[in-house]
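What follows is a short report on a single structure.
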Amino acid sequence: MPGFELFGESEKSQVQDVLDSGVLMRYGFDGMRNNHWKALELEAALSKRMESKYAQLVSSGTAALTVALASAGVGAGDEVIMPTFTFVASFESILAIGAIPILVDVDETLTLSPKSVENAITDKTKVVMPVHMCGSMADLGALKTICDKHNLLLLEDACQAIGGSYDDKPLGSYGDIGCFSFDYVKTITCGEGGAIITNNEQYKINADHYSDHGHDHVGNNRGTETHPFLGYNFRISELHAAVGCAQIERLDDFLSIQKKNYTVLRNALSPLSNITFRKVPKGGVENFSFISIFLPTTELAKKAHTALGEAGVDSCFYWFDNNWHYYKKWEHLTHKRSLGKLPQEVVNQLPDYSQSDFSKSDAWIGRTISCLVKLSWTDEQVVERATKMKEVLEKFV
Ligand SMILES: *Cc1c(COP(=O)(O)O)cnc(C)c1O
């Protein structure tokens, strides 16, 4: 997955442009910057590639989720439905604006179960936030039907699945708002960075202002701009955007490398009768950044994961025991361990997750092993890896 594996001349020359002008900030300094507007350029490239009217760059994927929620008017006490299997950024962004993370089961897609989503809706629900984990997507058609029926916002976290598609639409562009991360380990990277895409002009305007202290960005004097509403600083720097300008040009090459490597692994493992592959919803195309499989039982999956590591097959993940990606280890959330006082709405409304039953999620995630698909492998390395994986996995019946 990580785009840093293939850094080259284009990344260097983009960054050098910025250093040569000396303007590291995305706003202002028009005279000095020699016509370099890297953040603007990357926003244009992103909205074109993602077939969305608007893109807003920010400082991280977590910032993108936070700004997206804020831009859509989500606030204190509103409930946001999110999956049990994701990255902690999901509930961090929800809590950051005083809203309530409502955890919901995942199914064999490894993403939100539409049925469980429908059961979790209350009169406080404002948003459904599917997370397209490990390169593949939620059943967006089913989720959209639910959102339309209940008048909810569909916010796609496409941080791990950039370049995948659903119903021929780029992931992130199907719902009302989509979010990407360009952190160091993502398919394309800025070092740190993130983005929102949307077709909603008001959300774009809100995101533009909110991510820069509420600046209205009218005129060319930052000091005299007005601030129609409260904001924050989630800006990206020109240096980070410059790296992204180079990387987005390479996204489709990266995707084809991932697909090629994934296909070798998939073809090698397909004959095994003891494993099945994660379900991709009808109409979906993965970005092939991971290959995810189910073993017959949780016990066998644990053992198989250990055996893969011992056989030298690196970068395979057993999410069930992972501190950052699965609800079981989120005791800081369960026990509301914050530095200062939490908003009263959060204290009152956050469900008691120590009592919750996510056995439906456990039944899938307990059996799941996901292996990263790298960009820098040689053809020989992929074949060798595929052979090793098959030899190890076929023993766990
Ligand atoms: C990486 C990631 C994020 C957060 O991105 P950062 O840029 O690291 O803040 C959010 N959601 C998912 C699913 C991610 O993988």
Side-chain angles (χ1 to χ4, degrees), residues 1-4 39 42 46 55-70 80-97 101 103-104 106 109-112 127-138 140 143 154-164 171-172 175 177-197 207 211 232-237 239-241 243-244 247-248 258 278 286-290 292 315 317 319 322-327 329-330 333 361 365 368 370-373:
M1 167 156 93
F4 74 75
L42 180 52
L46 199 62
Q56 177 69 43
L57 282 173
V58 288
S59 50
S60 71
T62 313
L65 294 166
T66 309
V67 172
L69 290 167
V80 180
I81 289 176
M82 57 164 276
T84 52
F85 174 50
T86 176
F87 178 53
V88 290
S90 302
F91 62 76
E92 289 170 350
S93 61
I94 297 165
L95 291 170
I97 54 160
L103 271 55
V104 161
V106 296
T109 65
L110 302 182
T111 66
L112 275 180
V127 184
V128 177
M129 186 197 277
V131 183
H132 305 317
M133 286 299 281
C134 305
S136 182
M137 76 298 306
L140 286 168
L143 293 177
L154 183 58
L155 193 170
E156 291 175 71
D157 178 342
C159 292
Q160 291 196 10
I162 190 167
L171 293 180
I177 310 191
C179 292
F180 299 108
S181 164
F182 304 123
D183 81 19
Y184 189 55
V185 296
K186 296 302 202 282
T187 300
I188 58 172
T189 181
C190 293
E192 297 283 1
I196 294 155
I197 55 170
S211 59
Y232 213 83
N233 179 2
F234 290 114
R235 290 190 308 258
I236 193 165
S237 81
L239 282 172
H240 292 93
V243 179
Q247 290 255 301
I248 194 158
Q258 283 180 175
R278 94 70 84 77
E286 301 181 64
N287 87 342
F288 306 103
S289 53
F290 285 84
S292 298
S315 305
F317 301 91
W319 304 119
N322 186 287
N323 280 350
W324 299 96
H325 291 281
Y326 198 49
Y327 81 94
K329 295 278 179 78
W330 296 340
L333 172 68
S361 302
I365 302 296
T368 303
S370 297
C371 297
L372 199 62
V373 175

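Whatever order the structure lists ligands and atoms in, that order sets their numbers, starting from 1.
- Between F87 and H325, the ring-plane angle classifies as tilted under the 30° and 60° cut-offs.
- Contacts of K186 with ligand 1, taken as heavy-atom pairs under 4.0 Å, involve the side chain alone.
- The shortest N or O to N or O distance between V131 and ligand 1 is not under 3.5 Å.
- Taking atom 8 (O) of ligand 1 as the reference point, the nearest protein heavy-atom neighbour is D183 OD2, 2.6 Å.
- Looking only at protein heavy atoms, the nearest one to atom 11 (N) of ligand 1 is D157 OD2, 2.8 Å.
- Each of N287, I162, L140 was evaluated against L171; a single residue qualifies, L140, per the side-chain contact (heavy atoms from CB on, under 4.5 Å) test.
- Comparing heavy-atom distances from atom 7 (O) of ligand 1 across A158, G61, A63 singles out G61 as nearest.
- When heavy-atom distances to ligand 1 are checked against a 4.0 Å cut-off, T62 comes that close through both its backbone and its side chain.
- Side-chain polar atoms of T368 and W319 form no donor-acceptor pair below 3.5 angstrom.
- Looking at S361, its side chain does come within 3.5 Å of a backbone N or O of V106 through a donor-acceptor pair.
- Residue contacts with ligand 1 for C159 involve side-chain atoms from C-beta outward but no N, CA, C or O (heavy atoms, distance under 4.0 Å).
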* Can you list the steps and then say if S136 with R278 is a side chain to side chain contact (heavy atoms under 4.5 Å, CB included)? -> CA-CA 9 Å; S136 182; R278 94 70 84 77; 3.3 Å; yes

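- A donor and an acceptor atom, one from each side chain of Q160 and H132, are nowhere located under 3.5 Å apart.
- Taking a cut-off of under 4.0 Å to the non-hydrogen atoms of S60, the atoms of ligand 1 that pass are 7 (O), 9 (O).
- Between the side chains of S93 and T66, not a single donor N or O lies within less than 3.5 Å of an accepting N or O.
- The protein atom (non-hydrogen) at minimum distance from atom 5 (O) of ligand 1 is S181 OG, 3.2 Å.
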